[in-house]
Amino acid sequence: MPQTARYNSPAEALHATLSSLDNARSRTSRPTPRLLAVSKTRDALEIAAMAAAGQRAFGENYVQEALPKIEALHAQSLEWHLIGHLQSNKADLAARAFAWVQTIDRAKLVPLLARFRPADLPPLNVLIQVNIDDEVSKQGCRPEDVETLAAAIAAQPRLRLRGLMAIPAPAPDMQQRRNAFRAMSTLFDGLAKAHPEIDTLSMGMSEDYREAIEEGANMVRIGSALFGPRPQRQGT
Ligand SMILES: *Cc1c(COP(=O)(O)O)cnc(C)c1O
């Protein structure tokens with residue numbers, strides 16, 4: 001299986017990644033960030049192997065791709081995060097299947113997710129996705145819209161505002177990415193004044209999680225550094 005190019009087993013990949021996170025964390029005064037294992041394109045067997053190694057939280061980009069995996073692994077009680085763009089017509093499915101939606105970027109999603117969150121599940125954890133530096137990408141709200149969106153979420157008992165998420169534009173220059181991470185930290189600290197309950201700043205991927213952690217991330221989303229390189233797929 002070509003699943004872990006650099007490691008002999010999922011357990012070895014997980015432990016190496018966790019110790020690398022802790023190493024980056026040791027250059028700050030903050031606790032170790034949470035690891036979200038990004039499992040897009042990985043099948044249920046690969047995810048089960050990572051779960052057996054001790055990883056509980058997994059991130060998926062597409063509702064449709066995630067549902068059969070969530071179903072197949074139901075007995076394991078894993079924590080599923082939606083980290084891809086959410087279309088309004090998938091809000092129903094997302095609100096039922098995921099524990100977290102990290103990509104709320106417009107007001108329209110808020111009442112939809114609240115309405116569809118089943119009453120027998122705990123409130124849905126949500127992050128506001130911010131377009132911090134990428135004028136080309138349409139994903140994420142503008143930084144100046146965060147407060148309004150946060151107030152709308154906080155007014156919904158079936159949603160639980162946990163913080164912010166960002167995917168900075170891929171810049172060849174790491175300093176540029178650092179600047180984006182730093183701007184997110186500032187935004188997060190500002191939002192915490194009105195919403196002291198927020199506890200999650202989700203940013204940093206395989207290529208830049210060390211810098212993200214140094215700039216204040218407390219959740220990093222890692223795919224290829226953990227599972228190995230992703231197979232190419234069309235349209236993404
Ligand atoms: C794919 C993806 C990741 C993980 O990317 P890697 O470079 O494989 O670590 C993180 N966040 C989002 C939103 C993604 O789509």
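Read the numbers this way: they start at 1 and go in the same order the structure lists the ligands and their atoms.
Looking at Asn218 and Thr32, their side chains never come closer than 4.5 Å, going by heavy atoms from C-beta outward.
Side-chain contact annotation: His81 with Gln102, donor-acceptor N/O pair under 3.5 Å present.
Scanning for ring-ring contact (aromatic ring centres under 6.0 Å, His included) contacts around Phe58 gives Trp80, with sequence neighbours left out. For Ser88, the side-chain contact (heavy atoms from CB on, under 4.5 Å) partners two or more places apart in sequence, or in a different chain, are Arg106, Lys108, Leu109, Leu112. In this structure, Arg30 has no salt bridge (charged side-chain N to carboxylate O under 4.0 Å, His left out) partners at least two apart in sequence or on a different chain.
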Give every pair formed by an N or O atom of ligand 1 and a protein N or O atom closer than 3.5 Å, one pair per line with both atom names and the distance to 0.1 Å, or write none.
residue, atom, partner, partner atom, Å
ligand 1, 8 (O), Ser224, N, 2.8
ligand 1, 8 (O), Ser224, OG, 2.8
ligand 1, 8 (O), Arg230, NH1, 2.8
ligand 1, 8 (O), Arg230, NH2, 3.2
ligand 1, 9 (O), Ser206, N, 3.0
ligand 1, 9 (O), Ser206, OG, 2.5
ligand 1, 9 (O), Gly223, N, 2.8
ligand 1, 11 (N), Arg221, NE, 2.9
ligand 1, 15 (O), Lys40, NZ, 2.7
ligand 1, 15 (O), Asn61, ND2, 2.7

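Taking 4.0 Å as the cut-off between side-chain N and carboxylate O, Glu60 and Lys69 count as a salt-bridged pair.
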